[in-house]
Protein chains: 2
Amino acid sequence: MTTIRDVARVAGVSPATVSRVVNGLVGYSAETQRRVEEAVESLGYEPDSLARGLKTKQTAVIGVLAPLVSDALASEIMSGVESAARLRGYSVMLGRTGPNSTFAASYLRTLRTYRAAGVILISAAVTPDMRRALGSGIPLMSVAIRDGQRFPSLAIDDEVAAYDGTRYLIGLGHRRIGLLAGDPASVLVNTVRKRGYLRAMAEARLSPVLEDGNSLYDSAPPALARLLAQDAGLTAVFALSDEMGAAVVNELQRMGRRVPDDISVLGFDNTRTSQHVFPALSTIAQPLERMGELAVERLLATEDSVGPVPRILPHRLIERGSTTSLTT
Amino acid sequence: MTTIRDVARVAGVSPATVSRVVNGLVGYSAETQRRVEEAVESLGYEPDSLARGLKTKQTAVIGVLAPLVSDALASEIMSGVESAARLRGYSVMLGRTGPNSTFAASYLRTLRTYRAAGVILISAAVTPDMRRALGSGIPLMSVAIRDGQRFPSLAIDDEVAAYDGTRYLIGLGHRRIGLLAGDPASVLVNTVRKRGYLRAMAEARLSPVLEDGNSLYDSAPPALARLLAQDAGLTAVFALSDEMGAAVVNELQRMGRRVPDDISVLGFDNTRTSQHVFPALSTIAQPLERMGELAVERLLATEDSVGPVPRILPHRLIERGSTTSLTT
DNA sequence: TTGTAAGCGTTATCAC
DNA sequence: GTGATAACGCTTACAA
């Protein structure tokens, strides 16, 4: 391995000077700079991140924690995180939050021992013991969730988004609209979204019909059955995740119901999944990649001073083939 | 931050002894161990990974490189990597391989400066400059690709898998079978899989019909159109990725053709996507999560000695609703 | 069984 | 403008 001393020797200067040049500090002549850069180049020198981190008490590492590493929502956010991080010279460390917060806490402790520059939490709440595990020096922010006001977060306004989605369906002439919610316990936004649906229904003096799934594909068919058992005459189903929305579209077709002619289906999130069914899922879009990018910017904003970043991002409704107006 | 010296002071021993206890080495009395563990516990001490890595020249970090962080295939492999890594106390650093290998090489250089324990490359070939960038001390292996014999890899036998898929379709009575291949340039397995299809077709004295997509959803509809332009009477389409397979199922339905009654569709990989369409996609399954886990085991096998790990994993055909026998 | 001390590769403080 | 030198927190000979 080539070290800073090797470079110093070749360039005929001291390690301190090499360090100055490599880090773009001031205090050396143009001639020295040239010689050092030449030596760096010819030796293929790259500063050791560990030694540097040990000395400066900080590494260019950003930790990312997601409930499931492999679902579309987290993947798209992670993709945004990865590119923003790379752009700024940071690397990403990936971890999964299990069902209990001890899982996450243990990962955060590890991140602390690597002296990560910050941590991004995807659709999971920050618990006090998690915050404690990370220590006080490392900024933490959650994405795609609104965690009260206790910790910084970045999300759409889920209540309004669900309200808007419901209003959209009502505007299409639907009156009997079922809600397929996610698991309220595991993913907090579900409660908030549910509230938006209820508000829109109440305002329109419509009676709500709802069932809980767990946001994943497989949970939707049985929940749909329960929904239909409550009201067989539903003309629209609002699923609080695209995976569930896709499952509803498919399941309805399996049952011989036409989408959207017999029943409209609206999804949530605008992940790739929403485009993988036929008819493609109308959905409420969250700017997922962008959220990942912004999370990185905001996390690092304390040091580099980027301007303030909004914490509530805009959602928007995307109309595709799975919804249509009710023609009575 | 609490350091090993703090622990030593509280326990009334030297830092060296604390180190021994913490690392489970030998050479201390039971009494000493108790006192040290007590101090560790009460101070919440956790060894600094940077200092440790600097000294030992190795960190518990595994690098993972994928072409797209957000696609289903890579996500599922990464999920396996993550859990196997965590199990063994390792953390995962995530990066993306761009179109050119300089992207990957730069990431590998970073991984080297962190003294990663190993690197896993997902469906991308190892180029000489990548190997050079990583240096010689760090093991590297590729997953879901077969990279000649030059570097260790872990994959199914793609040629045979594609052959088996084609045979399956032929066994169902199909004679006019179109192949929707991926981009041969970017993903090497596509060439190999294509070969398997061609062999099966040749053996059965059937004439091949093929078009290239790029493995992603959007590339499939136009490629399908070209396939149909070549032979409008196709009764089966074999898509070399589930995303393309899903797109074909949906596009066919949009065109008013029934799947599988008019046309059977077979996918490849068995990612979540294959279940997100209706009818669900029959497909060739790769054990993706397992591949991620095995990759970690094998990477670390040099140090800890786990038994030998097979490099060719079994594929299997999964029959779902998108394929049926041809009833003439 | 335990402690002392050197050193991993860097940065930062201080002289010059 | 440049160079010694002292840490950063840990592991590991080597002594005791």
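Keep in mind that this is a model prediction, so the values were computed, not measured. In what follows, every heavy atom counts, from backbone to side chain, and hydrogens, waters and symmetry copies are set aside.
In this structure, Arg112(A) is not positioned above the aromatic face of Tyr107(A) in the sense of NZ or CZ being under 6.0 Å from the six-membered ring centre and within 45° of the axis.
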Exercise. For the pair Ser91(B) and Thr110(A), evaluate side-chain hydrogen bond (donor to acceptor under 3.5 Å, both in side chains) and give the outcome as yes or no after the intermediate values.
Key: CA-CA 8 Å; Ser91(B) 297; Thr110(A) 301; 5.0 Å; no
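Put simply, CZ on Arg34(A) is 17 Å from C1' on dG1(D), counting in whole angstrom units. Distance, Leu25(B) CG to dT1(C) P: 13 Å, rounded to whole Å. Computed from coordinates, the Arg52(B) CZ to dT12(D) P distance equals 9 Å when rounded to whole Å. Protein atom OH of Tyr114(A) is 17 Å distant from nucleotide atom P of dG9(D), rounded to whole Å. For Arg5(B) and dG3(C), the CZ to P distance is 12 Å, given to the nearest whole Å. If you measure from atom CG of Asn23(B) to atom P of dG9(D), you get 17 Å, rounded to the nearest angstrom. In this entry the distance linking CD1 of Ile4(B) with C1' of dG9(D) reads 8 Å, nearest Å. For Leu50(A) and dA7(D), the CG to P distance is 22 Å, given to the nearest whole Å.
Checking dT2(D), dG9(C), dA12(C) against the side-chain heavy atoms of Tyr28(A) singles out dT2(D) as nearest. Minimum atom distance to the side chain of Lys55(A) is reached by dA7(D), of the listed dA7(D), dT11(D), dT1(C). Picking from dT2(C), dT10(C), dG9(D) the nucleotide with the shortest atom distance to the side chain of Thr17(B) gives dT2(C). In the set dG3(D), dT11(C), dC10(D), the nucleotide with an atom closest to the side chain of Ser19(A) is dT11(C). With dG9(D), dG9(C), dG3(C) as the candidates, the nucleotide lying closest to the side chain of Met1(A) is dG9(C).
Dashed line: the shortest gap from a side-chain N or O of Ser14(B) to OP1 or OP2 of dG3(C) is under 4.0 Å. Side-chain nitrogen and oxygen atoms of Ser29(B) include at least one within less than 4.0 Å of the OP1 or OP2 phosphate oxygen of dT2(C). Between Tyr45(A) and dT10(C) there is a side-chain polar atom (N or O) within less than 4.0 angstrom of OP1 or OP2.
Both Gln33(B) and Thr56(A) sit near DNA chain C, but only Gln33(B) has its closest nucleotide nearer the 5' end. The 5' end of DNA chain C is approached more closely, in terms of each residue's nearest nucleotide, by Gly27(B) than by the other of Gly27(B) and Leu54(B).
Within the model, atoms CG of Asp6(A) and CZ of Arg9(A) stand 5.0 Å from one another, a figure rounded to the nearest 0.5 Å. Note that the CZ atom of Arg96(A) and the CG atom of Leu68(A) stand 7.0 Å from one another [nearest 0.5 Å].
With Val22(B) as the partner, the side-chain contact (heavy atoms from CB on, under 4.5 Å) test is satisfied by one option alone out of Arg52(B), Glu46(B), Glu37(B): Arg52(B).
Within 4.0 Å (heavy atoms only), Val26(A) reaches no atom of the nucleic acid at all.
A donor-acceptor contact under 3.5 angstrom links the side-chain atoms of Arg20(A) to the base of dG3(D).
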